[in-house]
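Take a look at the structure below.
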Amino acid sequence: MLPTPDTSHVEFERIYEPAEDSFLLLDTLSSAAEAAFLRDRFGSRSDAAGPAPVPPPFVVEIGPGSGVVIGFINAHASVIFGSRDVLTAAVDVNSHACRATRETARKAAADNAASHGMYLDALQGDLVAPLRPGSVDVLVFNPPYVPTEELPRQPAADHEGGGDKQPTFDHDSYLLSLSYAGGRDGMETTDRLIDALPETLSPRGCAYVLLCAQNRPEEVKERIRGFGRQWRAETVGSSGKKAGWEKLQIIRIWRE
Amino acid sequence: MKVLSLNFLSCAVKGCKSSSDSYPLHPKDAELVQDDIEVNAQLLINLLPRIDWTALTTTATELGFPALPPQAPTPEELEADEAKLKDLHHLLMETQIMEGKLVCASCGHEYAVREGIANFLLPSHLV
């Protein structure tokens with residue numbers, strides 16, 4: 001078991017607290033099977049002329065919240081990828097989450113001085129909107145997956161363009177609800193992310209997306225396979241069966 | 001935010017993504033700070049082929065750094081030239097934009113950078 005990043009500095013009134021879903025992502029990404037997949041895809045290769053350099057993968061988490069997942073990936077880069085030559089970054093709609101992620105990543109890297117990668121930045125933004133098309137090698141997304149009547153609406157007191165607002169209970173509740181409320185089937189936000197994958201991922205890129213049973217994971221995987229003949233989507237981690245059905249699972253999406 | 005990050009970012013406006021003017025974003029009124037980060041020579045050398053050198057050249061000039069050569073150094077050149085390696089490390093990894101704006105040359109939208117975090121959320125009329 002690799003140590004989990006310290007998130008004691010995070011304000012959980014407005015940022016999602018690491019929970020079962022976060023830990024399933026940590027377990028899956030550090031499993032022997034995924035480490036083997038990632039090393040095969042992004043590790044250095046040797047040919048007759050000796051080791052051939054492979055450009056370091058650019059790993060981006062969408063919606064990092066506390067930063068526990070991207071902080072973990074960055075801190076344990078050499079264990080997961082077989083090399084410390086890994087670039088990590090994150091995009092979150094919540095500016096508090098961006099600050100929390102920066103601090104989580106900094107602490108976790110300091111605690112794992114011999115194994116961490118190169119953490120770059122947390123950016124405030126909507127899903128992959130700030131990213132240059134075709135740039136992401138590994139995308140990780142723990143979405144707002146809980147089915148809800150509708151997506152959260154911004155409180156009327158908020159103004160456009162962001163900025164540092166005085167924290168209010170309404171605003172904090174809104175930020176927190178963005179981290180779990182998924183609208184219809186819990187898929188409204190995840191569907192937008194999946195639609196953006198072909199444009200966002202690099203040719204060698206892959207994505208890890210968490211789904212719950214109500215998201216209809218089999219349909220989601222079929223839809224991704226429908227992108228084209230090279231597209232693959234498989235379940236690579238699961239929280240185990242509860243009352244006969246799998247509660248949470250991680251799907252890996254990639255092109256062959 | 002690190003200078004290296006700018007190499008991976010473009011304008012968040014959907015209509016701009018296909019425009020070559022939306023990349024790289026142009027820093028404006030940037031306040032820079034320098035971090036002290038240990039040099040990882042292998043990372044820099046392996047990173048070379050995936051850096052958009054033309055974009056980096058633009059960014060470096062706009063931030064007031066000495067002009068970069070028009071062509072990226074080869075891995076062998078970088079490996080053999082410690083000063084060059086350190087300069088590149090300093091620019092990409094240690095230089096942070098703390099305050100300022102990032103401007104899209106296609107639509108003119110300005111993204112604010114505050115306390116080192118760039119805000120790419122768009123007002124509703126641009127979404």
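Every chain is numbered from 1 and lettered A, B, ... according to where its sequence line falls, protein lines coming before strand lines.
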Check residues 125-142 of chain A and write down every donor-acceptor pair under 3.5 Å in which the side-chain atom is one partner and the other belongs to a residue at least two apart or another chain.
{"unit_1": "A:Asp126", "atom_1": "OD1", "unit_2": "A:Arg192", "atom_2": "NH2", "d": "2.9"}
{"unit_1": "A:Asp126", "atom_1": "OD2", "unit_2": "A:Arg192", "atom_2": "NH1", "d": "3.0"}
{"unit_1": "A:Arg132", "atom_1": "NH1", "unit_2": "B:Tyr23", "atom_2": "OH", "d": "3.2"}
{"unit_1": "A:Arg132", "atom_1": "NH1", "unit_2": "B:Asp52", "atom_2": "OD2", "d": "3.3"}
{"unit_1": "A:Arg132", "atom_1": "NH2", "unit_2": "B:Asp52", "atom_2": "OD2", "d": "3.2"}
{"unit_1": "A:Ser135", "atom_1": "OG", "unit_2": "A:Arg132", "atom_2": "O", "d": "2.6"}
{"unit_1": "A:Asp137", "atom_1": "OD1", "unit_2": "A:Ser202", "atom_2": "OG", "d": "2.6"}
{"unit_1": "A:Asp137", "atom_1": "OD1", "unit_2": "A:Arg204", "atom_2": "NE", "d": "3.1"}
{"unit_1": "A:Asp137", "atom_1": "OD2", "unit_2": "A:Phe58", "atom_2": "N", "d": "2.8"}
{"unit_1": "A:Asp137", "atom_1": "OD2", "unit_2": "A:Arg204", "atom_2": "NH2", "d": "3.3"}
{"unit_1": "A:Asp137", "atom_1": "OD2", "unit_2": "B:Arg50", "atom_2": "NH1", "d": "2.4"}

Next item on the list: Report the C-alpha distance between A:Val54 and B:Asn46 in whole Å, list the side-chain angles of each, state the deciding distance to 0.1 Å, and finish with yes or no for side-chain contact (heavy atoms from CB on, under 4.5 Å).
Entry: CA-CA 6 Å; A:Val54 172; B:Asn46 290 343; over 6 Å; no
How about [X]: does its [atom1] atom have over 12 heavy atoms from other parts shown lying under 6.0 Å from it?
{"X": "A:Glu149", "atom1": "CD", "result": "no"}
{"X": "A:Glu11", "atom1": "CD", "result": "yes"}
{"X": "B:Gln71", "atom1": "CD", "result": "no"}

Would you give the length of the straight line joining atom [atom1] of [X] to atom [atom2] of [Y], rounded to the nearest 0.5 angstrom?
{"X": "A:Glu199", "Y": "B:Lys17", "atom1": "CD", "atom2": "NZ", "result": "7.0 Å"}
{"X": "A:Arg102", "Y": "B:Met1", "atom1": "CZ", "atom2": "CE", "result": "11.0 Å"}
{"X": "A:Asp121", "Y": "B:Lys2", "atom1": "CG", "atom2": "NZ", "result": "7.0 Å"}

Item checked: Side chains of A:Leu120 and B:Phe8 in contact at under 4.5 Å (non-hydrogen atoms) -> yes
Notebook entry, point to check: Is there side-chain contact between A:Ser95 and B:Ile117, with heavy atoms separated by less than 4.5 Å?
Noted result: no
Check: At a heavy-atom separation under 4.5 Å, does B:Ile37 approach chain A through its side chain, its backbone, both, or neither?
Finding: side chain
Note to self: Need one label for A:Val91: side chain, backbone, both or neither, based on atoms under 4.5 Å from any heavy atom in chain B.
What the structure shows: neither
Item checked: Residues from residues 77-89 of chain A approaching chain B under 4.5 Å (heavy atoms) -> A:Arg84, A:Asp85, A:Val86, A:Leu87
